[in-house]
Amino acid sequence: MSKKYFLEILEIVLILSFLLPIRIFLFEPFFVKGSSMEPNYYSFDYLIVDKISYHFTDPQRGDVVVFHPPFDNKVYYIKRIIGLPGERVVIKDSKIFIYSPENPQGKELKEPYLQEHYTSGSKDITLGKDEYFVLGDNREISSDSRSWGPVKRERIIGKVIFHLSFKKIIDEIKPLIF
């Protein structure tokens, strides 16, 4: 074996030994599949998910997270956190109300990211100490906590920290091409 060949193998091993722990423990790439998060996230959008932060902080309302749904350990879903542990979430007349110690009378949730989507159905649920209520941004078609209940914290993989939308890039360059 030549010295050059040995150095190339050593370089690959060193790079992998550095990158693999980052990929396994800190950040993980995902592609969006489906339309439940439109118009904010489209099918085939590329995401980087921070897997470490939630070991030190709690998920917050509005965070977009990747998780295993309660009924399947092999698939990943992307949704937005709406309700936090211990809160009561009420969906009524296309509005969401959050009841908590800070807001015992309830407070309507304002969601500027929805862009004309509305929240269908009705629901009244009080979350347990490690449960989160998650909804897709495309509420009319999303399969989410309204149909299968809250998500336990242990099932949350991480928070989306980087998002690359190929659809939005194409939409921006179309006028330049045509």
*Asks:* Passes side-chain contact (heavy atoms from CB on, under 4.5 Å), Ile125 versus Glu131? Steps please.
*Replies:* CA-CA 11 Å; Ile125 185 170; Glu131 294 180 329; 5.9 Å; no
*Asks:* Is there a side-chain contact between Tyr54 and Val65 in this structure, where contact means two heavy atoms from C-beta onward sitting under 4.5 Å apart?
*Replies:* yes
*Asks:* Treating Arg139 as the side-chain partner and Ser94 as the backbone partner, does any N or O pair qualify as donor plus acceptor under 3.5 Å?
*Replies:* no
*Asks:* State, with a plain yes or no, whether a side-chain heavy atom of Tyr42 is found less than 4.5 Å away from one of Ser35.
*Replies:* no
*Asks:* Checking Ser43 side chain against Gly34 main chain: does a donor-acceptor pair fall under 3.5 Å?
*Replies:* yes
*Asks:* With the side chain counted from C-beta on, respond yes when Phe30 and Ile78 share a heavy-atom pair under 4.5 Å apart, and no when they do not.
*Replies:* no
*Asks:* Tell me if a side-chain donor or acceptor on Arg80 pairs with a main-chain N or O of Gly62 at a distance below 3.5 Å.
*Replies:* yes
*Asks:* Can you confirm whether or not the ring centre of His163 sits under 6.0 Å from the ring centre of Tyr46?
*Replies:* no
*Asks:* Test your reading of the model: is there a side-chain donor-acceptor pair from Arg155 to the backbone of His68, 3.5 Å cut-off?
*Replies:* yes
*Asks:* Are the side chain of Asp45 and the backbone of Val32 linked by a donor-acceptor contact shorter than 3.5 Å?
*Replies:* no
*Asks:* Considering non-hydrogen atoms only, spot the tightest contact between Arg61 and Gly83 and give its length.
*Replies:* NH1-CA, 3.9 Å
*Asks:* Please report the shortest heavy-atom distance between Pro104 and Pro101, naming the atom on each side.
*Replies:* CD-O, 3.5 Å
*Asks:* Are Asn103 and Ile98 packed together at the side-chain level, in the sense that at least one heavy-atom pair is separated by less than 4.5 angstrom?
*Replies:* no
*Asks:* Verify side-chain contact (heavy atoms from CB on, under 4.5 Å) between Val134 and Ile156, making sure each step is shown before the conclusion.
*Replies:* CA-CA 11 Å; Val134 297; Ile156 297 175; over 6 Å; no
*Asks:* Would the number of heavy atoms belonging to other residues, nucleotides or ligands and lying under 6.0 Å from CZ of Phe44 be above 12?
*Replies:* no
*Asks:* If we only count heavy atoms from C-beta on, is the Pro69 to Val75 side-chain gap below 4.5 Å?
*Replies:* yes
*Asks:* Do Gln60 and Ile81 touch side chain to side chain, with heavy atoms closer than 4.5 Å?
*Replies:* no
*Asks:* If you apply the rule side-chain contact (heavy atoms from CB on, under 4.5 Å), what do you find for Val160 with Val66, and how did you get there?
*Replies:* CA-CA 7 Å; Val160 174; Val66 172; 4.3 Å; yes
*Asks:* Transitively linked via ILVMFWY side-chain contacts under 4.5 Å: Leu109 with Phe97?
*Replies:* no
*Asks:* I'd like to know if Asp50 and Lys159 make a salt bridge, using a cut-off of under 4.0 Å between side-chain N and carboxylate O.
*Replies:* no
